[in-house]
Amino acid sequence: MAYWLFKSEPDCYGIDHLAAEPKQTTRWDGVRNFQARNLLRDKIVRDDTVLFYHSRCKAIGIVGAAVVVSDAYPDPLQFDPQSPYYDAKSTQSKPRWYSIDIKLQRVFNRPILLDTIKQIQALESMALRKQSRLSVQPVTAQEFNTLMQLIDD
DNA sequence: GCCAACGTTGGC
DNA sequence: GCCAACGTTGGC
């Protein structure tokens, strides 16, 4: 049972979009970074917890939690020439990119803002703060527990 | 919307 | 396999 943080731009796909999905479940696709891909393909497993993070917006921070409800499988968008996520170097037998499905668990009453995270000593080694560009990041159990204590609902 | 930081590509 | 050029990310 591990913890992860997934970033998304709410203008593109925010937690409200996830909440509006049938079964509040979506495919996390379009990840096109090798380090993030390796986590999706090799480390993230069913029942892991995902913290949903909003980037590039007014209230930057963690806005809710989701749970992983599938194993990793090849991202279908890499095979679709119409998709912006199409990758000519991918083949069905040798896919380059992977997806998983996540299901919304809860939306926090208010986000845990990046500003707040930056002020907390126990969170200073979060990947958010060093490898800030990685869109799929590991979160330790200690970090997760610290974050959950900040939720007041 | 700017731009620094960082990941990827490709010529050599 | 180095590294300059280029593209993208994401906080501000």
Side-chain angles (χ1 to χ4, degrees), chain A residues 2-21 26-45 48-68 72-102 104-140 142-152:
Chain A
Y3 304 97
W4 309 95
L5 181 145
F6 286 10
K7 285 190 203 167
S8 194
E9 298 182 22
D11 287 347
C12 174
Y13 190 94
I15 200 156
D16 293 340
H17 295 96
L18 179 56
E21 299 280 5
T26 195
R27 181 178 69 221
W28 204 255
D29 53 24
V31 173
R32 295 293 180 269
N33 165 285
F34 290 108
Q35 210 179 333
R37 187 278 311 270
N38 292 346
L39 294 174
L40 282 175
R41 188 188 57 188
D42 306 330
K43 303 286 185 198
I44 301 179
V45 296
D48 279 357
T49 296
V50 169
L51 295 172
F52 200 109
Y53 179 90
H54 281 175
S55 66
R56 249 177 178 279
C57 58
K58 262 192 178 167
I60 299 168
I62 301 166
V63 292
V67 60
V68 177
Y73 56 94
D75 181 346
L77 300 182
Q78 70 196 305
F79 306 122
D80 176 5
Q82 308 304 321
S83 168
Y85 296 107
Y86 176 68
D87 188 339
K89 293 180 182 168
S90 284
T91 63
Q92 296 282 347
S93 58
K94 270 204 157 185
R96 296 179 98 196
W97 308 110
Y98 284 78
S99 293
I100 54 158
D101 296 341
I102 63 169
L104 182 65
Q105 209 166 49
R106 66 190 287 207
V107 180
F108 302 149
N109 277 351
R110 64 185 77 113
I112 305 170
L113 297 174
L114 178 61
D115 272 353
T116 306
I117 292 170
K118 287 201 283 195
Q119 285 165 24
I120 297 173
Q121 184 92 43
L123 300 176
E124 75 178 341
S125 54
M126 278 193 77
L128 267 186
R129 302 181 52 183
K130 294 208 161 170
Q131 295 181 89
S132 61
R133 302 200 25 198
L134 195 56
S135 68
V136 171
Q137 311 188 344
V139 175
T140 67
Q142 292 93 322
E143 287 162 353
F144 182 80
N145 292 333
T146 302
L147 289 164
M148 287 307 102
Q149 285 167 25
L150 301 171
I151 301 300
D152 57 9

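Per chain, numbering begins at 1; letters A, B, ... match sequence-line order. Values in this document were obtained by computation on a predicted structure and should not be read as measured data.
Mapping A/Arg56 and A/Ser132 onto DNA chain B by nearest heavy atom places A/Arg56 at the nucleotide closer to the 5' end. Residue-to-nucleotide proximity on DNA chain B shows that, of A/Arg133 and A/Arg96, the 5′-proximal contact is made by A/Arg133.
When the ring pair (Phe, Tyr, Trp, His ring centres under 6.0 Å) test is applied to A/Phe144, the partners found at least two apart in sequence or on another chain are A/Tyr3. Qualifying salt bridge (charged side-chain N to carboxylate O under 4.0 Å, His left out) partners for A/Asp48, counting only residues two or more places apart in sequence or in other chains: none. Residues passing the salt bridge (charged side-chain N to carboxylate O under 4.0 Å, His left out) test with A/Arg56, sequence neighbours excluded: A/Glu9. Residues satisfying the ring pair (Phe, Tyr, Trp, His ring centres under 6.0 Å) test with A/Phe34, not counting sequence neighbours, are A/Trp97. Take A/Tyr13 and apply the ring pair (Phe, Tyr, Trp, His ring centres under 6.0 Å) test, not counting sequence neighbours, and it matches A/His17. Remark: A/Phe6 engages A/Trp28 in a ring pair (Phe, Tyr, Trp, His ring centres under 6.0 Å) (not counting sequence neighbours). Residues satisfying the salt bridge (charged side-chain N to carboxylate O under 4.0 Å, His left out) test with A/Asp87, not counting sequence neighbours, are A/Arg96.
Judged by distance alone, with hydrogens and angles left aside, the side-chain atoms of A/Asp75 form a donor-acceptor pair with the main-chain N or O of A/Gly30 at under 3.5 Å.
Heavy-atom contacts of chain A under 4.0 Å fall on DNA chain C between two terminal nucleotides, which in 5' to 3' order are C/dG7 to C/dC12.
In the region residues 114-122 of chain A, proximity to DNA chain C at under 4.0 angstrom, judged on heavy atoms, holds for A/Leu114, A/Lys118.
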